[in-house]
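Report on the structure given below.
Numbering of ligands and ligand atoms starts at 1, following listing order.
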Amino acid sequence: MSVLIKGGTVVTADLSFRADVYCEDGRIAAIGEDLAVPATAEVIDAAGQYVMPGGIDPHTHMQFPFMGTVASDDFYTGTAAALAGGTTSIIDFVIPKPGQRLMEAYEQWREWAEKAAADYTFHVAITWWDDSVREDMGTLVRDHGVNSFKHFMAYKNAIMADDETLVKSFRRSVELGAMPTVHAENGELVYQLQQEMLDKGITGPEAHPLSRPPLVEGEAANRAIQVARAMNVPIYLVHVSCKESLDAITRARTSGQRVYGEVLAGHLTIDDSVYRSKDFDFAAAHVMSPPFRPKAHQEALWHGLQGGNLQTTATDHCCFCTDQKAAGRDDFTKIPNGTAGVEDRLAILWDEGVNKGRLTPNEFVAVTSTNTAKLFNLYPRKGSISVGADADIVVWDPQGSRIISAATHHMNVDFNIFEGRTVTGIPSHTLSRGRIVWCNGELRAERGAGRYLHRPPFAPVFEAMAKQGALQEPQPVER
Ligand SMILES: NC(=O)NCCC(=O)O
Ligand SMILES: [Zn+2]
Ligand SMILES: [Zn+2]
């Protein structure tokens, strides 16, 4: 199978240039003009379009067993929908139950993911601690190409990591050269504020944001950053949703600390008015954590992205249908947390970002693909248009448009948080390792075609931090 993408403008995180791209055996084989290619090559006319690295979503939860139910997109339907939207790789999460061996959970998620239609890999969550966790972290890095470990600081009495677990896991991450990542919300504060809401008789979805205000996230973000500083380890904060946590990141980065932040397409474009809808199903459909915030936070998040204090965009794709969300009809704390977005991220970010002048096309590529590839050591195999890279490519039609709707989307969920938005700028073609899987509205996703991606530790950052650490090594006073 070989494909020639002809007449387009290649857009990478660094530059844009007119060139044809020839793909063969799943890789990019040649980039240039007047390429000599076999007559059998399939040709995509990309005139007037951009040829960009396929999107990488660093934050999804396909078929995640969570809050008494299971997310409705599985690894096939969710990755197929991703391909329809121009995202060609996902980083999902292995989330062991407290007390469950990490390796057992990892094997379970690997089995679930075998049906994926696009390439995938995993962050592994540290939801408890003992010597076996420490041992399994080593096995995962050494033998299974895991280079990032997730810590939920929220979800008390479930998967919450307390400070002791954070410190021990961050210290182990340094030894292994793995990136710690955090969901930064103070789980104790959330729990107490949830009880307060219920005691006041406020049981609807409107209580969700009231029980996890921005300060709850800002405190945890700052605490995680300080623990990382004390442990001399880089840190990546997922779904940064508010100014308070962005400010903590900005302060740390200004002091030279290696702190990285992710922002969701939803948090950039949706505000907390959704929770005050009188329609329970509509309000409950938007229950995710951290919650959507007052509008003022959106501009701060866009500034964070534009200013380089937020590096990646994601979706936290974790979808539950209306009947699943109804579990919390009488008690908002029982509404499964999560929303969908894996199919819409690129179009939303292009329409709100590039079309409104917040992002250049090159910056769009950086924040939807290349930065994630670099942070989690998938680059340049992923996140680049370069000879030898996987032929994960999206041919982007900047003039094309569509109306986002649950009625037409490919995600396996009956609600869309971007419902009714008209977006201009859509993928005309998506290639996954050289196979045309999305072609002018026709989805050709193949169950099981996705491959697990091994990610070695990102040595340069850890070597540099080890040198810094050595220079600051405390010394005993000889008396
Ligand atoms: N985000 C959310 O509400 N659900 C998925 C789990 C998580 O990322 O916290
Ligand atoms: Zn989270
Ligand atoms: Zn998540």
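- With a cut-off of 2.8 Å, the Zn ion (ligand 2) has no N, O or S atom of H59 in range.
- Heavy-atom distances between Y155 and ligand 1 reach below 4.0 Å in at least one pair.
- The ring-ring contact (aromatic ring centres under 6.0 Å, His included) test applied to F332 returns no partner, not counting sequence neighbours.
- Atom 3 (O) of ligand 1 has its closest protein heavy atom at S289 N, 2.7 Å.
- In the model, D73 has a side-chain atom that pairs as donor or acceptor with a side-chain atom of H317 under 3.5 Å.
- Looking at ligand 1, you'll find an N or O of H183 within less than 3.5 Å of one of its N or O atoms.
- Expressed to the nearest 10°, the angle at the Zn ion (ligand 3) joining OD1 in D316 with NE2 in H61 is 90°.
- Close contacts between ligand 1 and M288 involve ligand atoms 1 (N), 3 (O) [criterion: under 4.0 Å to a heavy atom].
- In H183, the N, O or S atom that comes nearest to the Zn ion (ligand 2) is ND1.
- Summary of contacts: the protein heavy atom closest to atom 4 (N) of ligand 1 is N337 O, 3.0 Å.
- Geometrically, K325 does not engage F320 in a cation-pi contact defined by less than 6.0 Å to the ring centre and at most 45° from the axis.
- Of all protein heavy atoms, the one lying nearest to atom 1 (N) of ligand 1 is D316 OD2, 2.6 Å.
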